[in-house]
Novice: 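This is the structure I want to talk about, given as structure tokens.
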2 protein chains.
Amino acid sequence: MKSTEIPTRERIVVAASKLFYSEGIRAVSVDAVAEQAGLTKRTLYYHFASKDDLVAAYLEARDQPNLKLFQRWFADAEGTLADKVRSIFHNLARSARHPRWKGCGFLRTAAELANMPGHPAVKLGIAHKKRVEAWLAASFEAEGIHSSKVLARQVILLLDGSFAVVLLNRDASYMETAGEAAAVLVEAAMAFSKPETAP
Amino acid sequence: MKSTEIPTRERIVVAASKLFYSEGIRAVSVDAVAEQAGLTKRTLYYHFASKDDLVAAYLEARDQPNLKLFQRWFADAEGTLADKVRSIFHNLARSARHPRWKGCGFLRTAAELANMPGHPAVKLGIAHKKRVEAWLAASFEAEGIHSSKVLARQVILLLDGSFAVVLLNRDASYMETAGEAAAVLVEAAMAFSKPETAP
DNA sequence: TCCATTACACTCACTAGTCAGTATACATGA
DNA sequence: TCATGTATACTGACTAGTGAGTGTAATGGA
């Protein structure tokens with residue numbers, strides 16, 4: 001019987017993710033997480049040393065799935081490199097129109113914990129964004145773009161910008177605008193890199 | 001004597017601004033604000049109906065000064081339109097290197113109150129960003145840029161993106177990168193608009 | 001008299017984290 | 001085969017403190 005059950009620790013992380021993402025870190029009590037997970041607070045504290053630990057686990061669980069989603073959107077898109085980048089923003093806009101969408105969990109956590117820069121959750125956020133940026137840079141590099149690292153940063157800025165803006169005004173069309181801007185920047189970077197490969 | 005004193009309400013807003021901006025909304029208690037302002041909680045509640053009211057007042061007080069700062073940075077910069085836009089980001093980067101800098105108060109508040117989209121503070125944030133965007137659009141329009149509204153949105157996206165990114169990783173150089181991206185977008189928009197005005 | 005303010009005690013709900021103890025499973029040694 | 005030991009997973013009740021917001025009586029100044 002045990003083998004088919006979802007491990008308790010995982011159940012706690014799932015419950016925490018749901019609540020922390022939809023309500024915010026400080027707005028959600030440890031009691032609420034325990035109740036959502038269907039167990040007592042004491043059991044939760046058996047698996048996690050503190051609320052901060054739980055917050056870290058929540059973000060850790062979001063890291064890879066998030067990255068893989070971006071990678072799939074990018075890979076599945078047809079057309080030029082600019083089209084592939086635009087596709088990330090377009091898919092993001094689709095997610096953002098969902099009523100339960102509440103921006104980027106990493107950025108929101110960083111905003112909420114802005115007064116504790118060394119917090120493990122903040123460090124996880126930095127690591128996550130760095131991973132996305134590095135993947136983008138590698139993808140641009142593979143296409144022969146010279147300024148691949150700068151371009152990756154610029155796309156990240158537009159990506160996180162659209163997270164912030166759309167979270168504020170709830171108008172997902174900003175994400176399409178960000179996608180267009182990203183496409184312009186990609187084209188500009190390609191125009192700057194391509195001439196040497198043409199003749 | 002009264003005429004030279006700072007009004008109590010204003011003192012409360014100043015105290016609230018300092019604490020809310022540096023610690024976050026939920027992390028700061030009403031008691032803490034009262035203490036910072038040098039008066040009792042009861043007096044604070046004489047001037048403000050609730051903590052939410054106080055939060056709204058904090059953001060309301062930030063609206064005009066923030067906008068005026070951007071406008072001054074833009075106006076004081078020399079060179080092309082792209083240079084003027086770049087200057088905003090450059091000046092922002094300078095601010096961001098200050099240890100007390102903690103991102104954009106409007107965005108951080110929106111992130112913290114993501115679970116209450118109708119909150120007055122969130123509405124003030126939306127209004128503030130709209131004002132900045134409208135001012136940018138008007139400035140671009142004045143320079144004969146056809147896509148002035150789209151360009152203004154793109155610059156806002158980069159602006160808020162750099163707030164989010166730099167708040168997370170504390171690397172203000174991202175703001176310079178955002179400034180370069182904005183300059184590229186401005187140049188692209190100008191190249192698209194200028195030809196008709198030449199002959 | 002009225003406005004602004006204080007002191008301070010108070011409510012009531014909530015918060016992170018802890019205490020002491022239980023149920024089960026599995027292994028050890030006699 | 002049966003007592004004993006031990007590690008894992010779990011629980012209800014509790015502590016000590018904080019949260020927003022209120023009630024009330026009293027004070028000083030215009």
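First the proteins, then the strands, lettered A, B, ... as listed; each starts at 1.
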Novice: Check the distance between D/dA9's P and A/Leu44's CG and give it to me in whole angstrom.
Specialist: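 About 14 Å, once rounded to whole Å.
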
Novice: Between A/Leu39 and A/Tyr46, which residue's closest nucleotide on DNA chain D lies nearer the 5′ terminus?
Specialist: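 Nearer the 5' end of the strand: A/Tyr46.
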
Novice: Is B/Val150 reachable from B/Ile88 through a run of I, L, V, M, F, W or Y residues, each pair having side-chain heavy atoms under 4.5 Å apart?
Specialist: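 Looking at the clustering, B/Val150 is in a separate group from B/Ile88.
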
Novice: Check the interface with nucleotides 16-18 of chain C: list each N/O to N/O pair with the protein under 3.5 Å, or write none.
Specialist:
residue, atom, partner, partner atom, Å
C/dA16, OP1, A/Lys51, NZ, 2.8
C/dA16, OP2, A/Val30, N, 2.9
C/dA16, N7, A/Lys41, NZ, 3.0
C/dG17, OP2, A/Tyr45, OH, 3.0
C/dG17, OP2, A/Lys51, N, 3.1
C/dG17, N7, A/Lys41, NZ, 2.8
C/dG17, O6, A/Lys41, NZ, 2.5

Novice: Does A/Thr8 put a side-chain nitrogen or oxygen below 4.0 Å from OP1 or OP2 of D/dA9?
Specialist: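 No, A/Thr8 has no side-chain N/O under 4.0 Å of OP1/OP2 on D/dA9.
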
Novice: Looking just at side-chain N and O atoms, do A/Asn91 and A/Ser87 make a donor-acceptor pair shorter than 3.5 Å?
Specialist: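 Checked: A/Asn91/A/Ser87 side chains pair up, N/O donor to acceptor below 3.5 Å.
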
Novice: Applying ring pair (Phe, Tyr, Trp, His ring centres under 6.0 Å) as the test, list every pair that has at least one member in residues 108-141 of chain A; sequence neighbours left out.
Specialist: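 Sorted pair list: A/Phe74-A/Trp135, A/Phe106-A/His128.
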
Novice: Just to verify, what does B/Ala16 make a side chain to side chain contact (heavy atoms under 4.5 Å, CB included) with, not counting sequence neighbours?
Specialist: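 Only B/Phe20, B/Val33, B/Leu54 meet the side chain to side chain contact (heavy atoms under 4.5 Å, CB included) criterion with B/Ala16.
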
Novice: What is the distance, rounded to the nearest whole Å, between atom CG of B/Leu54 and atom P of D/dG19?
Specialist: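 Rounded to the whole Å, the gap is 14 Å.
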
Novice: Taking CZ from B/Phe48 and C1' from D/dA20, how many angstroms apart are they, rounded to a whole number?
Specialist: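 Rounded to whole Å, this separation is 16 Å.
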
Novice: So for atom CZ, which belongs to B/Arg97, do other residues, nucleotides or ligands contribute more than 12 heavy atoms lying within a distance under 6.0 Å?
Specialist: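 Yes, enclosed.
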
Novice: Strictly below 4.0 Å: does A/Thr40 bring a side-chain N or O up to OP1 or OP2 of D/dT11?
Specialist: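 For A/Thr40, the contact criterion (side-chain N or O under 4.0 Å from OP1 or OP2 of D/dT11) is met.
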
Novice: At under 4.0 Å, does any side-chain N or O of A/His47 touch on OP1 or OP2 of D/dC10?
Specialist: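 Yes, A/His47 has a side-chain N/O under 4.0 Å of OP1/OP2 on D/dC10.
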
Novice: Could you tell me whether B/Arg153 and A/Asp171 have a side-chain N and a carboxylate O separated by less than 4.0 Å?
Specialist: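 A/Asp171 and B/Arg153: salt-bridged.
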
